[in-house]
Amino acid sequence: MPKSSYSEVLERIQSAIEDAKLVFGRFTPGEIAAEYKAGHDPVTEADRELDAVLRKNLLREGEGWLSEESADDRSRLSRSRVWVVDPLDGTREFVAGIPEFCVSIAMVDRGRPVAGGICNPATNEVFLESIDSGLTYNGTPARASQRRTLEGALVLASRSESKRGEWTMFQNAPFKVEAMGSVAYKLARVAAGLADATFTLVPKHEWDVAAGAALIMSAGGFVQTLTSPLNCNRKDALIDGLIACGALLEHELLQFLAPHLQLLSRK
């Protein structure tokens, strides 16, 4: 892995991931008590403990903080460097005992995700990167898929969206669809070339996607919102959706999705 100008940031991310693993070790997936936030999203004691551990390991003076499990401190908007984290992405899967959840960490510099780490403790997978050093998957250099066509490609779909029937429109698509929990974990797998693409046509928050987007960009892949390049640390942390794939699939995937995006724009 080449020397990175974000090497100290990567060290903090690695330290945070190691401490997060210790927190996960105190809980048994599938045997977790959950409360429910507005919008029916579950939250557990693990979410809150992980948030505290990440903040302790990552945040330094002069940096901003945006986390799903913390009150939004708008002072972040005046910071050039901001941590955007989801302490436990895939809480539904964590509660259900499905091994598709992760801790997701991104460093955003002037709106751009530049370094990140995603760890799935159930499968012992760690994805770590910065934009100037590239991606590693469990310590080994990795890159996004080099597939050139959607025919036979593996596309990861949201497990929740699939259950709601939102992927039935793609049942005759030329690609294979696999439903999976955790937006961040799906993005990490695309970044490492373990899948060819993923997309969501429903709004997501920056903390859902920032780390995964950083991974994909560092691995030579393509990522954007439904309408524009991804820019983070905005006042409104909600984005319209996300499209991610290996770089060679960009044109064909955008062409395939264009009619669906046009329908969304008319709503």
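Small disclaimer: the values here were computed from a predicted structure and weren't measured.
More than 12 heavy atoms of other shown residues, nucleotides or ligands fall within 6.0 angstrom of atom CZ in Arg164. Atom CZ of Arg112 sits in a sparse spot, with 12 or fewer heavy atoms from other residues, nucleotides or ligands closer than 6.0 Å. Remark: Arg143 CZ is loosely packed, at most 12 non-hydrogen atoms of other residues, nucleotides or ligands lying under 6.0 Å away.
Using cut-offs of 30° and 60° on the angle between ring planes, the pair Phe256 and Phe170 is tilted. Taking the six-membered ring where the residue is Trp, Trp207 and His205 present parallel rings, their angle staying beneath 30° rather than reaching 60°.
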Requested in this report: Let me see the working for Ser130 and Ser133 under side-chain hydrogen bond (donor to acceptor under 3.5 Å, both in side chains), right down to the final yes or no.
Outcome: CA-CA 5 Å; Ser130 72; Ser133 66; 2.6 Å; yes
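Salt bridge status for Glu63 with Arg60: absent, with no side-chain N to carboxylate O gap under 4.0 Å. Salt bridge Arg74/Asp72: present, at least one basic N to carboxylate O contact under 4.0 Å. In summary, Glu161 and Lys204 engage in a salt bridge, as defined by a charged side-chain N under 4.0 Å from a carboxylate O.
Every residue meeting the side chain to side chain contact (heavy atoms under 4.5 Å, CB included) condition with Leu226, not counting sequence neighbours, appears here in chain and number order: Leu201, Asp240, Ile243, Leu261, Leu264.
Side-chain atoms of Asn57 do not come within 3.5 Å of backbone N or O of Arg12 as any donor-acceptor pair. Here the side chain of Lys186 pairs a donor or acceptor atom with the backbone of Ser182 at under 3.5 angstrom. The closest donor-acceptor contact from the side chain of Thr28 to the backbone of Glu31 lies at 3.5 Å or more, if one exists at all. The backbone N or O of Glu11 sits nowhere less than 3.5 Å from a side-chain atom of Ser15 that would complete a donor-acceptor pair. Judged by distance alone, with hydrogens and angles left aside, the side-chain atoms of Asn233 form a donor-acceptor pair with the main-chain N or O of Arg76 at under 3.5 Å. Judged by distance alone, with hydrogens and angles left aside, the side-chain atoms of Asp196 form a donor-acceptor pair with the main-chain N or O of Leu154 at under 3.5 Å. In this structure, the side chain of Ser70 does not engage the main chain of Ser67 through any donor-acceptor pair within 3.5 Å.
Glu125 and Tyr185 are linked by a side-chain donor-acceptor pair at a separation below 3.5 angstrom, with hydrogens and angles left out of the test. Checking Ser104 against Asp89 by side-chain atom types alone, no donor-acceptor pair falls below 3.5 Å.
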